[in-house]
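Heads up: the structure comes next, in structure tokens.
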Amino acid sequence: MSHETNTRNNGWRVCSSAFVALLAIVAILSPGCSRPANRPVVVGAKKFTESVILAEMGARLAREGGVESRRDDLGGTPALWLALTQGDIDVYPEYTGTITRQMLKADPPDLSEALAARGIRIGKPLGFRNNYALGMRKDTAANKGITKISDLRGHPELRLGFIHEFLDRPDGWPGVKRHYDLPQANVQGMNHTLAYRALVEKAIDLTEVYTTDGEIAQYDLLVLADDRNFFPAYEAVWLYRADLGDRHPKVVEQLRRLEGRISEPDMQRMNATVQEEKRDEGLVAGEFLGRVLNVGDGGQSSDGSLAGRLLTTTVEHLWLVVPSLLAALLVAVPLGILAARHPAIGRIVLAVTGVIQTIPSLALLLFMIPVMMWLVGKGTGAPPAVAALFLYSLLPIVRNTYAGLTGIPAPLKESAEALGLPAWAILWRVELPLAARTILAGARTAAVINVGTATLGGFIGAGGYGRPILRGIDKFDIPLMLEGAIPAALLALAVEGLFELAERAISRRG
Amino acid sequence: MFALNDVTKIYAGQPALGPVSLTFPVGRTTVLIGPSGCGKSTLLRLLVGLVKPDDGAVIFDGTPVSPSNARAVRLRTGYVIQDGGLFPHLTARGNVTLMARHLGWDHGRINARLAELAELTRFPLDGLDRFPQQLSGGQRQRVGLMRALMLNPDALLLDEPLGALDPLVRADLQTELRDVFRAVGKTVVLVTHDLGEAAYFADLVVLLRDGRILQQGSASDLWHRPADPFVTRFVQAQRGPEVRDNEP
């Protein structure tokens, strides 16, 4: 290794340890970072209706096993797999085809042995399959004479819309395209629910469907035959941590009661009930368990009343916004002071915080999962969201602190110095009060951005207003979306108002 | 009180001052005068350690001024700049008492001193709770003076204290300022570019040009015994108003 790279590595190490130190501060300030021994059993769910319904069933069955339990919605397969292997969640419903093609990227003769090597157990099939398939409007397909996937080869003009995960997965579009030698080039990535809407509105011609999707029946779609057997079987199973069986054998016992009990029509009906009738997933799951397994609480919703839900999401949202903003203030104001005092350091500080701001918020959020896992042992929920929000809030405060301090007229600084005040007293008694209005304006910008960005916490189970928004998008349930969007907007306005008052209080003096 | 021994100050490779040697007599008023850029403000900053000499030494009360004792020098020296240099976030009272509060003076002592100074500078008591923007230029200057005198310093430095005022206020304040100087009996160093003002205040006038001392002495020395043709030009350039009575 050359000397130059050596130095650069050292520099990088210094930078990264400083970064880690910052995150540690956030971690200390953020709630729920400790990992109590008897924490509840966490059932993970992907962000689509079926997964949520199954996870609700899992949470209810775990309660039957005599422990506290809750559901955590965590985006896509990679996030769930990471959370499961790291221990953020204990169990979640998965599909066999996804396990072999996407997670293991191999087709081992003994699936449970391959998973056991990673500390994960797999249950027996729950009974139904949810295969990938390609779907079209029946009239479009009839016009073009398409009934099976191989027919697509003669229609390169078709417009395709898939979820991003399907676009990337080897068992998704790249595999189908190769297997069938398909010519289509007009392919867009979009949300699953939106793809269905687009298909119905004829904005696209073809999308991927899951064979248990309620929408297939709802929109009367044609599922193209997989005439060359590309798609593997996707049998729903429980994936759970090996240590769950040791800690809570009764929970595993209860979960396995569901094996072989859900038929494909059952699942389709439940999906459709949630999608079309906008019923709550928990209610649907509870009704099914009550009917089939004779399990306790019948159809009671785990989500409670609207007011109760609003209170919960508001408290969750504030637990994301307030700690991250306070931590950002505690770190960014000193950084701004440092930047104003030492121009060389200042350029670096402003550049680094500026770069953080350009990272897409979702990417930063996902990046924080392993980082917070390593730092505080909790990679999902509030800690990574608070860490990401903290980083986002830095720039406006650092920049305004810097601008406020460097904008103080030189004669004033000289007057303070000539009085005989020591440097810290000049900062405290003269410079910071003079820069206060500018710093406050920075904090205000940071706070409003923070309230908005915190809705993305819904992607990693951090709760808050993002949860109803994302669930609403998935179910195309507008009232549910508004249940998150309206309070988020109101909170942003309230924050604006609060800062307005603070600014007025400051400017009343002079 | 203050002395400069062969002091040189260089800014951006250009000598801004010196080498200069000068002694400021205790209890007297010394006025530094000269055209803009002659180094008179730099000299004032050197005295309280706001800038460090590149060569030579600044002496305060027999001791060289260094970064380690500059704060002690400043506590014994009041400093007033043009327009007062008041902190806009503090009231007149807050500005004047800032340093005393920082040093932990008790309320009674602070208020007594404040009342004394308001009387000395003829500052209205009801103006004490106003912010600098709410005061007139002359009042701001009085606040600046009170702030400089708060700790009862041994010396008072003023950098063009009356430069920003209109002529009538300026004339009033000149009178008051001279009374104050006489009343407190301190070592005063005042910077101005106005020879009339210099003559009015000074026990000793020091004329600077391009960072060097051209002449020091009384104001009348500069008028009647110029040491250099530039002194003559500088003195004559400061002409008074030409008012002719016998216009046709």
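A, B, ... follow the sequence lines: proteins, then strands. Residue 1 opens every chain.
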Item to check | Sub-4.5 Å side-chain heavy-atom contact between B:L4 and B:S21 | outcome: no
Next on the checklist: Salt bridge check, A:E503 against A:R437: does any charged N sit closer than 4.0 Å to a carboxylate O?
Outcome noted: no
Checklist entry - Any salt bridge between B:K9 and B:D55, counting N to O under 4.0 Å? => result no
Item to check | Interface moiety of A:P409 toward chain B, non-hydrogen atoms closer than 4.5 Å | outcome: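 Nothing of A:P409, per the 4.5 Å heavy-atom cut-off to chain B.
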Next on the checklist: Need one label for B:R45: side chain, backbone, both or neither, based on atoms under 4.5 Å from any heavy atom in chain A.
Outcome noted: side chain
Checklist outcome for this item: Bottom line for B:L86: the part with an atom under 4.5 Å from chain A's heavy atoms is backbone
Checklist entry - Who wins among B:L151, B:I81, B:D159, B:V48 for the most heavy-atom pairs under 4.5 Å with chain A? => result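 Between B:L151, B:I81, B:D159, B:V48, the count favours B:I81.
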Checklist entry - Backbone N or O of A:S361 within a donor-acceptor pair of the A:Y392 side chain at under 3.5 Å? => result yes
